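Okay, so here's the structure we're looking at.
Because the structure is a prediction, the values reported are computed rather than measured.
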Amino acid sequence: MQRIKTVKTLSCAAAAALFLSVQALICIGIVYWAIAETLGLTGTAALILGVIFAVPSVYVLITVVRMAYEAETDPANQ
């Protein structure tokens with residue numbers, strides 16, 4: 001069976017991906033903030049921690065977008 005790609009399914013996939021991405025970024029941001037404040041990081045150290053957090057964050061966002069697209073365009077979910 002082929003995936004159903006209409007404006008409705010793609011807009012639903014975009015909405016689901018946006019919602020889940022915001023939730024993931026909030027969770028990742030809270031963990032970053034907690035670690036930075038606990039360790040008392042400022043300036044360059046905080047930026048380095050942010051870069052360390054950026055790599056897994058991008059992976060999480062790509063996974064979320066892919067999952068939302070697959071779920072919304074799957075014919076079994078229609």
Side-chain angles (χ1 to χ4, degrees):
M1 295 170 65
Q2 288 187 334
R3 295 202 174 275
I4 300 171
K5 297 177 195 161
T6 62
V7 173
K8 180 183 176 188
T9 58
L10 294 178
S11 64
C12 288
L18 181 64
F19 174 75
L20 293 172
S21 295
V22 168
Q23 296 298 314
L25 287 175
I26 289 170
C27 292
I28 292 167
I30 289 172
V31 171
Y32 167 80
W33 172 75
I35 292 173
E37 288 297 318
T38 301
L39 297 176
L41 301 178
T42 59
T44 306
L47 287 176
I48 292 171
L49 183 64
V51 170
I52 292 170
F53 268 67
V55 175
S57 299
V58 169
Y59 176 75
V60 167
L61 295 179
I62 290 171
T63 303
V64 163
V65 170
R66 190 181 73 230
M67 284 175 30
Y69 174 77
E70 290 174 0
E72 291 294 332
T73 58
D74 187 16
N77 290 338
Q78 306 300 319

Side-chain polar contacts of residues 10-21 - donor-acceptor pairs under 3.5 angstrom, sequence neighbours left out - could you list them?
{"from": "S11", "atom 1": "OG", "to": "V7", "atom 2": "O", "distance (Å)": "3.0"}
{"from": "S11", "atom 1": "OG", "to": "K8", "atom 2": "O", "distance (Å)": "2.9"}
{"from": "S21", "atom 1": "OG", "to": "A17", "atom 2": "O", "distance (Å)": "2.7"}

Query - Side-chain heavy-atom pair I48, I52 within 4.5 angstrom cut-off - result: yes

Query - Stepwise side-chain contact (heavy atoms from CB on, under 4.5 Å) check, R66 with T63 - result: CA-CA 5 Å; R66 190 181 73 230; T63 303; 4.2 Å; yes

Query raised in the report: About how many Å separate CG of L61 and CG of L25, when rounded to the nearest 0.5 Å?
Result: 5.0 Å

Query raised in the report: Any chain of hydrophobic side-chain contacts (each under 4.5 Å) joining L39 to V31?
Result: yes

Requested in this report: Consider only side-chain heavy atoms of I, L, V, M, F, W and Y, link residues closer than 4.5 Å, and tell whether Y69 and V60 are in one cluster.
Outcome: no

Report task. List the steps, then state whether side-chain contact (heavy atoms from CB on, under 4.5 Å) holds for T9 with T6. Result -> CA-CA 5 Å; T9 58; T6 62; 3.3 Å; yes

Query raised in the report: Under 4.5 Å between side-chain heavy atoms, hopping through other hydrophobics if needed: is there a path connecting I30 to V22?
Result: yes

Requested in this report: Locate the shortest heavy-atom distance separating R3 from E70; write the atom from each residue and the value.
Outcome: NH1-O, 3.1 Å

Requested in this report: Nearest 0.5 Å please: distance from the OG1 atom of T42 over to the CD atom of E37.
Outcome: 9.5 Å

Query raised in the report: What pairs with Y32 under ring pair (Phe, Tyr, Trp, His ring centres under 6.0 Å), at least two apart in sequence or on another chain?
Result: F53

